[in-house]
2 protein chains.
Amino acid sequence: MASFPNRPVPNRAIQRTCVNCSLSELCVPVGLDPADMERLDQLVERQPPLESGAHLCRVGERFTTLFAVRSGCFKSYRMDSEGRERVLAFHLPGELIGLDAIYPGVYQSNVVALDMGGVCALPYSDLSRLASQIPRLQEQIFRLLSKDLSAYAWLAGDYSAEERVAGFLLDLSNRYRERGYSDRVFNLAMPRRDIANYLRLATETVSRVITRFERESLIHTERREVSLLDLDGLNERANHCLQALG
Amino acid sequence: MASFPNRPVPNRAIQRTCVNCSLSELCVPVGLDPADMERLDQLVERQPPLESGAHLCRVGERFTTLFAVRSGCFKSYRMDSEGRERVLAFHLPGELIGLDAIYPGVYQSNVVALDMGGVCALPYSDLSRLASQIPRLQEQIFRLLSKDLSAYAWLAGDYSAEERVAGFLLDLSNRYRERGYSDRVFNLAMPRRDIANYLRLATETVSRVITRFERESLIHTERREVSLLDLDGLNERANHCLQALG
DNA sequence: CGCTGTCTTGAGTACGATCAAGTACGGTGG
DNA sequence: CCACCGTACTTGATCGTACTCAAGACAGCG
């Protein structure tokens, strides 16, 4: 009867409105007054939960909607010219998917549910129109786009395997805390292979680093469940490379 | 009396208005009608050219303005925890600087002129307000932000030294072509050290790859001047890793 | 029970970093 | 004009981290 570290805190029932949604302080509606949130509500299409492995969108499809994660964890990835997968991002509740598709007008990545997860679909043209009527909404979209830029910046740095893995764990920890989950004990929704791919490491390397961290009592793992035992120590190992994401 | 490959085409005189500016098809004003461009013009502060080595902004300074490059080439960089420089981007005319500062509200990088270069300063709060009044301006800012996301995505990939250098040269080539310069012969505004740092390689590695490309007649270099002799060959070496930037 | 897929551990290898010279260019001053 | 110096760049030799290949451990499931 193991506990479910990153489940219980928020209400998991499908939220009917942004006003009721526990994620409204992280997601698109940040800073909107109730009346404006109501207008935003009217364009949001709340979609039924997807099965693990189901795709939200694929590279090259015409971009029409942004997706806001309501629950679960999603993975963005592309295939390179040799058909190898490249994981670009993991998306947690409250985060927007598809921002990089605005410029070219077609989705730039495949997005797949890693566990059962639900999204809110935000038709982009409607959202864009509403944003030009509600300055604070426009501002929030600017901020969310800008935030993603910082996230990529750290992924693009040349860090050692240890720095990358430590940074990855701490980044997840921070994001879970923001969402009201435990920042010390959580389940990894993604297999080691996806973590490795995301960090541009071999699966074996990630495994070895995790083992090393465990031997040094920085973390404890049991399958997908991770406990961060020594946040300061991890931060040192990450070499303070996680800069952004205030 | 060598020619100046990437100088002559656009008018280098300081443009007084966006309407007259040869970069208006790349920069913020894309898609605006003359009346709206006039309104944008009024908030643009055209700054006198900076000397090579002069800084535009520094990490941690309060973010108030975006900068649009008018001429020259700028470099964004940060210092890591050990005081080593990390080059994040090179900015050519028509490109926006400071987008990643919107979210945190402070500049995320130091920006320095690599050669004599001028910028237009765009006070962010004014720009934001105007964008909420001009939907096409809002849309263009969304697109510029989104475009930067794609640019980071390729830098974050795990490519070999050859792929990175080839990709870098082809990326520059594409960006020069967009700006009306030659896409086959151009001057590198930045020293090898900065290129290497940007690509997360050692200076020596960049030098070796360039030498190799030269031996294989893919390119010809003479100091900072580069000629791309075989674009297809380079594309192959880049392994089609430059995906975005349509 | 064996099958499958995930994860871990081990041995050898390769790519790029580091260390170290050497070359070429540009500026300065005599 | 040339000698000098500093910086940028190139080339060479060695080293180390992370990759590859390979095998074994462990859990879930038919």
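In what follows, chains are A, B, ... by sequence order, proteins preceding strands, each numbered from 1. Computed from heavy atoms alone, side chains included, the values below leave out hydrogens, waters and symmetry copies. Quantities reported herein were computed from a predicted structural model and do not represent experimental measurements.
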Asker: Of B:R192 and A:L201, whose closest DNA chain D nucleotide lies nearer the 5' terminus?
Answerer: B:R192
Asker: May I ask you to say what B:A161 touches in the nucleic acid, namely base, sugar-phosphate or nothing, with a heavy-atom cut-off under 4.0 Å?
Answerer: sugar-phosphate
Asker: Tell me the interatomic distance from B:N197, atom CG, to C:dG16, atom P, rounded to whole angstroms.
Answerer: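 Result: 17 Å.
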Asker: Compute the centroid of each ring, for A:Y198 and then for A:F90, and state whether the two points are separated by less than 6.0 Å.
Answerer: yes
Asker: So A:E214 and A:T221, do their side chains get closer than 4.5 Å, heavy atoms only?
Answerer: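 Sidechains of A:E214 and A:T221: in contact.
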Asker: Contact class for A:R212 (heavy atom, under 4.0 Å): base, sugar-phosphate, or nothing?
Answerer: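 It contacts nothing in the nucleic acid.
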Asker: Please report the distance, rounded to the nearest Å, between CD1 in B:I210 and P in D:dT11.
Answerer: 11 Å
Asker: Pull out every protein N or O sitting under 3.5 Å from an N or O of nucleotides 12-15 of chain D, one pair per line with the distance.
Answerer:
from	atom 1	to	atom 2	distance (Å)
D:dG12	N7	B:R208	NH1	2.8
D:dG12	O6	B:R208	NH2	3.3

Asker: Please determine whether a side-chain nitrogen of the Lys or Arg among A:R78 and A:E85 lies less than 4.0 Å from a carboxylate oxygen of the Asp or Glu.
Answerer: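 No salt bridge links A:R78 with A:E85.
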Asker: Is A:S150 close to B:Y103 at the side-chain level, that is, under 4.5 Å between some pair of heavy atoms?
Answerer: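 No. Closest side-chain heavy atoms not under 4.5 Å.
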Asker: Measure CG/A:L199 against P/D:dT17 and give the value in whole Å, please.
Answerer: 19 Å
Asker: Should the pair B:R175 and B:F168 be classed as cation-pi, given the thresholds of under 6.0 Å to the six-membered ring centre and 45° from the axis?
Answerer: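 Judged by the rule (NZ or CZ under 6.0 Å from the ring centre, within 45° of its axis), B:R175 is not positioned above B:F168.
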Asker: Between B:E162 and A:T221, just flag the one whose closest nucleotide in DNA chain C comes earlier from the 5' side.
Answerer: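 It is A:T221 whose nearest nucleotide is closer to the 5' end.
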Asker: Has A:R200 got a side-chain N or O lying under 4.0 Å from the OP1 or OP2 atom of D:dC19?
Answerer: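 No, A:R200 has no side-chain N/O under 4.0 Å of OP1/OP2 on D:dC19.
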Asker: Under 4.0 Å between a side-chain N/O of B:T211 and OP1 or OP2 of D:dT11, yes or no?
Answerer: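 It does, given that an N or O in the side chain of B:T211 lies less than 4.0 Å from OP1 or OP2 of D:dT11.
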Asker: Does D:dC19 have OP1 or OP2 under 4.0 Å away from a side-chain N or O of A:T205?
Answerer: yes
Asker: To the nearest angstrom, how far is B:E163 atom CD from C:dG16 atom C1'?
Answerer: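 Between C1' of C:dG16 and CD of B:E163: 14 Å.
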Asker: Expressed in angstrom and rounded to an integer, what is the separation of A:E222 atom CD from D:dC26 atom P?
Answerer: 12 Å
Asker: What I want to find out is whether A:D158 reaches B:R200 closely enough, with some N-O distance under 4.0 Å, to be called a salt bridge.
Answerer: no
Asker: What is the distance, rounded to the nearest whole Å, between atom CZ of A:F213 and atom P of C:dC7?
Answerer: 18 Å
Asker: In whole Å, I'd like the distance from the CE atom of A:M190 to the P atom of C:dC7.
Answerer: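 About 11 Å, once rounded to whole Å.
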Asker: Would you say a side-chain N or O of A:R224 is under 4.0 Å from OP1 or OP2 of C:dC7?
Answerer: yes
Asker: Could you give the CZ-to-P distance, from A:R223 to C:dG5, as a whole number of Å?
Answerer: 15 Å
Asker: Looking at side-chain heavy atoms only, is the closest gap between A:L229 and A:S227 below 4.5 Å?
Answerer: yes
Asker: Among D:dT11, D:dA18, D:dA8, which is the nearest nucleotide to the side chain of A:S160?
Answerer: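 Minimum distance to the A:S160 side chain belongs to D:dA18.
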